[in-house]
Amino acid sequence: MKLLKLVPDNTNIGFVVMRKWAFALTALLTVLAVGATAYKGLNMGVDFVGGLMIEAKFPQNVETDKVRATIGTLGVGESSLQQFGDPKTVQIRLPLPEQGGAGAANAVVEKTRNAMTAQFPGVTFSRYDTVSGKVSGELIQNGVLAVVLAILGIAVFSWFRYEWQFGVSTFVAIVHDVLMTLGFFAVTQLEFDLNIVAAVLTIVGYSINDKMVIDDRIRENMRKYRKMDMKALIDLSVNETLPRTVMTSVTIMLALGALLLFGGHVLRGFTAAMMLGIIVGTYSSVYVSSSLLISLGLTPMSSEKKAGKANIAAQAERVGPRDGAQP
């Protein structure tokens with residue numbers, strides 16, 4: 001039986017020749033993502049803003065103005081409504097009662113449920129969450145700190161594991177991936193909660209795993225072909241790892257596709273973030289970080305200089321692969 005190959009053998013795609021277009025596209029998307037996040041903001045979940053969040057499902061399409069008017073008669077504070085996923089699902093946010101703790105919050109939920117059932121027969125509350133303002137503030141700080149430390153830690157590791165150019169390119173690629181994810185959530189206004197922070201950290205992990213495979217191959221080829229042009233060496237390395245990159249991305253996307261279809265709306269934001277991250281992470285590893293090494297001045301001789309080998313000229317050098325070479 002013939003094996004399935006998503007990438008044919010001896011694939012030779014010129015990735016480096018498109019690096020200027022890739023850099024321009026990356027810069028444009030990054031600016032748009034930052035602008036969208038700054039202008040529209042993120043639809044922060046209760047995890048980060050605090051308060052009471054109720055998700056109501058209606059038997060038919062409903063107007064949010066009517067729902068807001070019904071809640072306004074209850075005297076439970078100013079409500080914020082958003083249709084979530086489809087016109088039959090509405091996300092309701094309410095402030096927490098100033099006194100009474102969990103008991104008072106449950107009373108507000110029950111009061112709201114009774115009023116909504118009377119006004120909209122057949123409505124159900126699929127879930128509700130409560131988070132205090134103090135806890136939400138701590139969650140924001142911890143979430144941001146976790147992402148920042150992960151990015152810096154990975155960049156520093158790449159710096160010491162390879163050359164400093166690898167550390168810089170890794171940092172740029174991962175920041176790009178994170179900003180793309182934030183921009184996506186700003187544009188779509190999907191709820192941004194702790195699940196999405198977990199998705200962002202997972203995206204960072206996937207991106208660095210993909211990039212490390214390519215970086216290892218680049219460094220191996222730098223030692224093998226010390227006089228090869230760096231552009232050709234980058235293309236060779238990326239093409240050699242391309243089957244692994246494509247196969248990994250496709251298999252993960254299949255798993256995420258099943259999760260998107262059958263995981264329910266609770267996991268929709270997490271799954272969407274992961275799927276976007278796989279695409280963006282693969283793009284940044286292949287087109288951005290690898291080609292950026294050339295702009296940062298990396299050469300095949302860099303690994304020899306770092307290793308401290310004094311007599312490079314005396315060593316056997318090759319400008320390309322040799323078949324049947326004698327030791």
Side-chain angles (χ1 to χ4, degrees), residues 21-55 63-65 67-68 71 77-87 89-95 129 131 133 135-152 171-204 207 260 265-284 287-289 292:
W21 290 101
F23 291 166
L25 177 61
T26 300
L28 176 61
L29 292 177
T30 302
V31 171
L32 291 176
V34 173
T37 305
Y39 178 72
K40 298 190 67 174
L42 298 173
N43 178 26
M44 293 292 192
V46 175
D47 294 338
F48 294 134
V49 298
L52 176 64
M53 193 279 290
I54 301 171
E55 193 170 280
E63 297 180 7
T64 56
D65 289 341
V67 177
R68 185 178 290 104
I71 298 176
E78 184 178 356
S79 62
S80 174
L81 276 66
Q82 180 182 17
Q83 288 185 324
F84 184 75
D86 60 78
T89 304
V90 177
Q91 190 179 83
I92 305 168
R93 291 181 182 174
L94 297 170
D129 298 312
V131 178
V135 172
S136 63
E138 293 176 352
L139 290 176
I140 291 177
Q141 295 178 2
N142 292 338
V144 172
L145 183 62
V147 174
V148 171
L149 289 180
I151 295 175
L152 291 178
F171 178 81
V172 171
I174 295 178
V175 170
H176 164 266
D177 299 345
V178 172
L179 290 178
M180 290 300 101
T181 304
L182 294 179
F184 170 77
F185 276 87
V187 171
T188 60
Q189 287 296 291
L190 288 172
E191 184 179 2
F192 193 93
D193 54 18
L194 281 178
N195 289 332
I196 308 306
V197 174
V200 170
L201 291 173
T202 306
I203 290 169
V204 170
S207 181
L260 183 66
H265 64 277
V266 175
L267 295 176
R268 186 173 296 134
F270 174 87
T271 308
M274 285 294 300
M275 296 182 78
L276 174 71
I278 298 302
I279 297 172
V280 173
T282 302
Y283 161 78
S284 64
Y287 281 101
V288 179
S289 63
L292 188 59

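The structure presented is a predicted model; accordingly, all values stated were derived computationally and were not measured.
- The OG1 atom of T271 sits 12.5 Å away from atom CG of L276, with the distance rounded to the nearest 0.5 Å.
- Here L25 pairs with L29, Y283 under the side-chain contact (heavy atoms from CB on, under 4.5 Å) rule; sequence neighbours left out.
- Under the ring-ring contact (aromatic ring centres under 6.0 Å, His included) criterion, F184 pairs with no residue at all, not counting sequence neighbours.
- Pairs engaging residues 172-181 under the side-chain hydrogen bond (donor to acceptor under 3.5 Å, both in side chains) rule: D177-S207, D177-S284 [sequence neighbours left out].
- Taking CD1 of I196 as the start and CG of L190 as the end, the distance is 7.5 Å to the nearest 0.5 Å.
- When all heavy atoms of A198 and F270 are compared, the pair lying nearest together is C-CE1, 4.3 Å.
- Every side-chain contact (heavy atoms from CB on, under 4.5 Å) that V175 has, sequence neighbours left out, goes to I151, F171, L179.
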So T26 and Y287, side-chain contact (heavy atoms from CB on, under 4.5 Å) or not? Walk me through it. CA-CA 9 Å; T26 300; Y287 281 101; over 6 Å; no

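- Heavy atoms only, all atoms of each residue included: V288 and F23 are closest at O-CE2, 3.7 Å.
- Smallest separation of non-hydrogen atoms from V187 and K40: O-NZ, 3.3 Å.
- V200 and V178 make their closest contact through CG1-CG2, 4.1 Å (heavy atoms, listed as atom of the first residue, atom of the second, distance).
- Atom CE of residue M180 and atom OG1 of residue T30 lie 4.0 Å apart, to the nearest 0.5 angstrom.
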